[in-house]
Structures are given as C-alpha cells and as structure tokens.
Amino acid sequence: MAAKSGVSVATVSRVLAGNYPTSEDAKKKVLAAIDELNYVMNAHARGLAGQGTRTIAILVEQVTSPFYAAVAQGVEEQAAAGGRLCLICTTHGDPAQELALVNMLRDQGTDAVIIVGGITPSREYEIRMARYAESLNAVGSVLVLCGRPRLDADVPHLVVAYENEEGAYAATNYILSKGHEDVIFVGGVEGISTTDDRVRGFRRAMQERGLPTEGRVLLGSHREAFGRTAVQERLARGRDFTAIVAYNDHIAAGALLAVRQAGLRVPEDVSVIGYDDSLLASNLTPALTSVAVPAQELGRTAVRRALEHQDGDVRDPSQVVTLATHVVVRDSVARPRA
C-alpha cells in the first residue's frame with residue numbers, strides 16, 4: 001500500500017486510522033491506492049490495535065419465530081444505543097454450528113454472545129455452556145443466557161429470564177376465574193425447559209382449585225398444525241373441555257381452527273388463551289387473549305447487562321434478572337355456557 005501510494009507506512013496507517021492529521025495530498029494518494037488495490041481493512045488486525053468495530057452477537061435457533069425476532073430487535077436497538085453493531089446468527093438447533101459460531105465470535109473479539117431460547121436440561125448442555133462462558137471470559141467477552149436457566153454459580157455468565165411458569169399460571173387462573181373447570185393444555189415439547197415451565201404453571205393453578213390435570217396436557221409440538229390436530233383428535237372422542245390454554249399463539253391459532261371446523265364457536269362454546277402475545281394474537285378472529293412476554297425488553301436488558309459487566313458495574317453476576325409477564329385480555333375467553 002505504501003509503495004503504491006508513494007508515501008511512508010506511517011502515513012498510510014494514519015490515513016486508515018483517521019486519528020492523526022495528514023496532508024490532503026497524502027490522503028488523496030492513499031485513498032487512490034485503496035481504490036486501485038480494492039483494499040479491505042482486516043477487522044481482526046484493527047481489533048488488536050484497538051480500532052475494531054465493537055459488536056454484540058445474538059444466537060437463535062431460527063429467525064422466523066416471532067419471539068426470536070422480537071428479542072433480536074431488542075438486542076439490535078440496545079447495541080446501537082451502546083455504539084455496537086449487532087450480529088444475528090442462527091444455529092438451527094445444531095450444537096456443532098453453535099460451537100463454531102461461538103469460537104468465531106470469540107476470535108473476532110465480540111463484546112458479548114447472547115444465546116436465546118429453551119433448552120433440554122442435561123449435564124452435556126451444562127458442560128458445553130460452561131466451556132463457552134470460560135472461553136469468552138478469557139478474552140474479555142461475556143456469555144449471556146436469555147430465557148434459559150442459570151448455570152453453576154462459579155461459571156462466568158449472565159442470565160436474563162422472564163416469568164415463564166408464572167405466565168401460564170396467570171393464564172390458567174384467568175380461565176378458571178371465568179368459571180371454567182374442564183380445561184386442557186395444548187402444545188409444546190416435553191423435556192424442553194420452556195414447555196416444562198408452562199405445564200408446571202398450568203398444573204399448579206388447576207391443582208390449587210382441586211381440579212384434575214391427569215390426561216389434560218397434550219404435548220408434541222409448538223407449531224400451529226399440532227394445535228389443530230391435537231384438538232381435532234380430542235373433540236373426536238367427545239368434548240370433555242370448555243377451555244384451552246395454549247403453549248403459544250400458533251398453537252392457539254390451530255386450536256381455533258379445529259374448534260370452528262367442529263361446528264363450535266369461540267368463545268361461546270370453547271374459550272382459548274394463547275402465550276407470547278405475538279402480532280398474530282390481535283389479528284385472529286376472535287382476537288386472542290394471550291400472555292405477553294417482554295421479548296424486545298429481554299434483548300435490551302441482555303445487552304445492558306453485558307455492557308455493565310464490561311464496565312465492571314454488575315455487582316452480582318450470579319443474579320438472574322427476571323422480567324414480568326401479564327395477560328392481555330381480548331375476545332377469545334368467556335364464561336362457559338350452562
């Protein structure tokens with residue numbers, strides 16, 4: 001570059017860094033050489049020199065989920081406010097892909113890696129996350145788990161969660177407060193932390209009122225198609241419920257369709273409540289009562305915690321910051337018919 005522009009290496013460095021006065025003539029020569037050589041600044045070298053672009057990364061299973069998209073939006077907004085670029089990476093649920101991304105982000109010197117979503121608890125998972133946390137911590141970065149259980153206290157990581165179980169508990173109690181007693185829970189995958197928490201909230205609310213839960217939890221998937229087929233199959237056996245607590249809004253949408261196809265009405269014959277309060281909820285007919293999850297605020301809080309950690313302002317890294325959920329009342333729940 002210096003030979004091409006006819007100036008010293010030091011002058012080239014000053015022009016590229018932009019932090020030291022240089023003559024206009026020298027600047028023009030260097031810029032012309034950059035254009036001719038199609039030169040691209042080596043981001044890793046700039047980072048080692050303290051001149052790199054600061055980044056925060058978020059890892060999600062896939063970006064088509066409204067929940068993941070909303071969390072990523074919150075991360076991007078807060079990262080920008082903190083002078084960082086946001087990198088959004090997808091793992092497709094593949095641990096090998098997740099490992100490759102974490103290693104790449106560590107080597108590039110990202111300020112934080114935020115991993116989002118429910119997990120299947122296991123010792124293998126805990127060991128993998130602990131390795132990520134130690135690896136990132138060694139280079140001055142930090143692992144932030146978002147919507148996931150915390151790891152052992154000696155693992156250097158941060159956790160931002162939301163009231164997942166409490167949200168399902170509140171949803172079920174809202175249904176019960178309308179006079180329903182025959183309630184089923186539909187959707188989710190057994191063994192996944194998000195599902196297990198919501199089922200636990202449903203069962204707790206039912207059991208506090210002395211109502212049965214045996215045979216009233218239908219698990220298998222979190223997708224709309226499962227909500228439809230699970231409710232269709234249940235109705236084919238004879239209707240033994242007046243209300244549905246759905247794992248998420250997509251399951252609720254499938255349940256609404258199955259109820260209508262059976263010649264029943266919502267909420268006159270069957271009440272339905274969703275979870276996540278996604279954009280879908282307000283666009284369904286009838287508009288869906290749902291549990292609001294502060295997805296964007298989860299992302300923003302994760303970034304704030306990460307930057308506070310870098311600045312040494314996190315007094316207790318083992319503390320889990322937990323955000324509240326609440327029921328958004330619309331038109332899909334009513335008192336049961338006599």
Side-chain angles (χ1 to χ4, degrees), residues 118 121 147 149 161-224 226-256 258-259 262 264-277 281 286 288-293 322 324-338:
Y162 61 95
E163 293 178 340
N164 192 28
E165 179 180 334
E166 292 302 316
Y169 176 79
T172 309
N173 266 331
Y174 179 71
I175 288 278
L176 298 177
S177 74
K178 294 296 184 180
H180 293 273
E181 295 185 348
D182 300 316
V183 188
I184 59 174
F185 182 97
V186 181
V189 179
E190 186 175 8
I192 301 294
S193 58
T194 310
T195 301
D196 291 351
D197 284 347
R198 293 181 190 182
V199 170
R200 202 159 30 242
F202 167 76
R203 285 190 166 133
R204 178 157 59 94
M206 295 285 283
Q207 289 165 358
E208 284 179 358
R209 301 206 183 200
L211 299 172
T213 61
E214 186 68 29
R216 293 187 168 270
V217 176
L218 313 181
L219 303 180
S221 171
H222 57 267
R223 300 187 183 279
E224 181 177 335
F226 177 78
R228 183 177 71 254
T229 56
V231 173
Q232 284 174 337
E233 291 171 2
R234 189 75 174 205
L235 288 170
R237 294 163 43 188
R239 182 158 67 97
D240 63 349
F241 60 91
T242 61
I244 298 169
V245 177
Y247 168 79
N248 62 19
D249 294 340
H250 290 278
I251 290 289
L256 286 171
V259 169
L264 301 172
R265 295 175 299 169
V266 176
E268 291 85 355
D269 300 308
V270 178
S271 290
V272 180
I273 188 166
Y275 205 114
D276 288 341
D277 193 34
L288 182 68
T289 295
S290 185
V291 177
V293 176
T322 305
T325 54
H326 65 278
V327 175
V328 177
V329 177
R330 295 192 180 92
D331 305 325
S332 62
V333 177
R335 300 191 66 82
R337 297 169 65 178

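Because the structure is a prediction, the values reported are computed rather than measured.
- Across every non-hydrogen atom of Leu235 and Ala262, the tightest pair is CD1-CB, 3.7 Å.
- Side-chain atoms of Thr289 come within 3.5 Å of backbone atoms of Arg330 as a donor-acceptor pair (strictly under, hydrogens ignored).
- Within 6.0 Å of the CD atom in Glu190, the count of heavy atoms belonging to other residues, nucleotides or ligands does not exceed 12.
- At distances below 3.5 Å, at least one donor-acceptor pair connects side-chain atoms of Arg335 with backbone N or O atoms of Lys178.
- Nearest heavy-atom pair, Pro121 versus Gly191, reported as atom, atom and distance to 0.1 Å: CD-O, 3.3 Å.
- Looking only at distances, a side-chain donor or acceptor of Thr325 sits under 3.5 Å from a matching main-chain atom of Glu163.
- Annotation: side chain of Asp240 is in contact with side chain of Arg234 (closest heavy-atom distance under 4.5 Å).
- Every pair passing side-chain hydrogen bond (donor to acceptor under 3.5 Å, both in side chains) that includes a residue from residues 204-221 is listed here, sequence neighbours excluded: Glu165-Arg204, Glu166-Arg204, Tyr169-Glu208.
- If you take CD1 on Ile244 and CD1 on Ile273, they are separated by 12.0 Å, rounding to the nearest 0.5 Å.
- Between the CG atom in Leu256 and the CD1 atom in Ile251 there is a gap of 11.5 Å [rounded to 0.5 Å].
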Checklist entry - side-chain contact (heavy atoms from CB on, under 4.5 Å) between Leu218 and Ile184: does it pass, once the steps are laid out? => result CA-CA 8 Å; Leu218 313 181; Ile184 59 174; 4.2 Å; yes

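- Heavy atoms only, all atoms of each residue included: Val266 and Ser332 are closest at CG1-O, 3.8 Å.
- Residue Val272 comes nearest to Ala252 through the heavy atom pair CG1-CB, 3.9 Å, listed as atom of the first residue, atom of the second, then distance.
- Within the structure, ring pair (Phe, Tyr, Trp, His ring centres under 6.0 Å) contacts touching residues 231-256 (residues at least two apart or in different chains) do not occur.
- The main-chain N or O of Tyr275 is found under 3.5 Å from a side-chain atom of Asp249 such that the two form a donor-acceptor pair.
- Rounding to the nearest 0.5 Å gives a distance of 10.0 Å between CD1 of Ile175 and CZ of Phe202.
- Atom-to-atom distance recorded for Asp276:CG and Thr194:OG1 is 9.5 Å, nearest 0.5 angstrom.
- The nearest pair of heavy atoms linking Ala230 to Val186 is CB-CG1, 4.1 Å.
- We find the OG1-CG distance between Thr242 and Leu264 to be 11.5 Å, quoted to the nearest 0.5 Å.
- Atom-to-atom distance recorded for Arg198:CZ and His222:NE2 is 11.0 Å, nearest 0.5 angstrom.
- The two residues Gly274 and Ser290 come nearest to each other via the heavy atoms C-OG, 3.3 Å.
- Counting only heavy atoms from C-beta outward, the side chains of Ser271 and His180 approach each other to under 4.5 Å.
- Residues Val183 and Leu176 meet the side-chain proximity criterion, which asks for heavy atoms closer than 4.5 Å.
- Proximity of Thr195 to Val199: side-chain heavy atoms (C-beta onward) are separated by under 4.5 Å at one or more points.
- Dense packing is recorded around CZ of Arg239, with more than 12 heavy atoms of other residues, nucleotides or ligands lying under 6.0 Å away.
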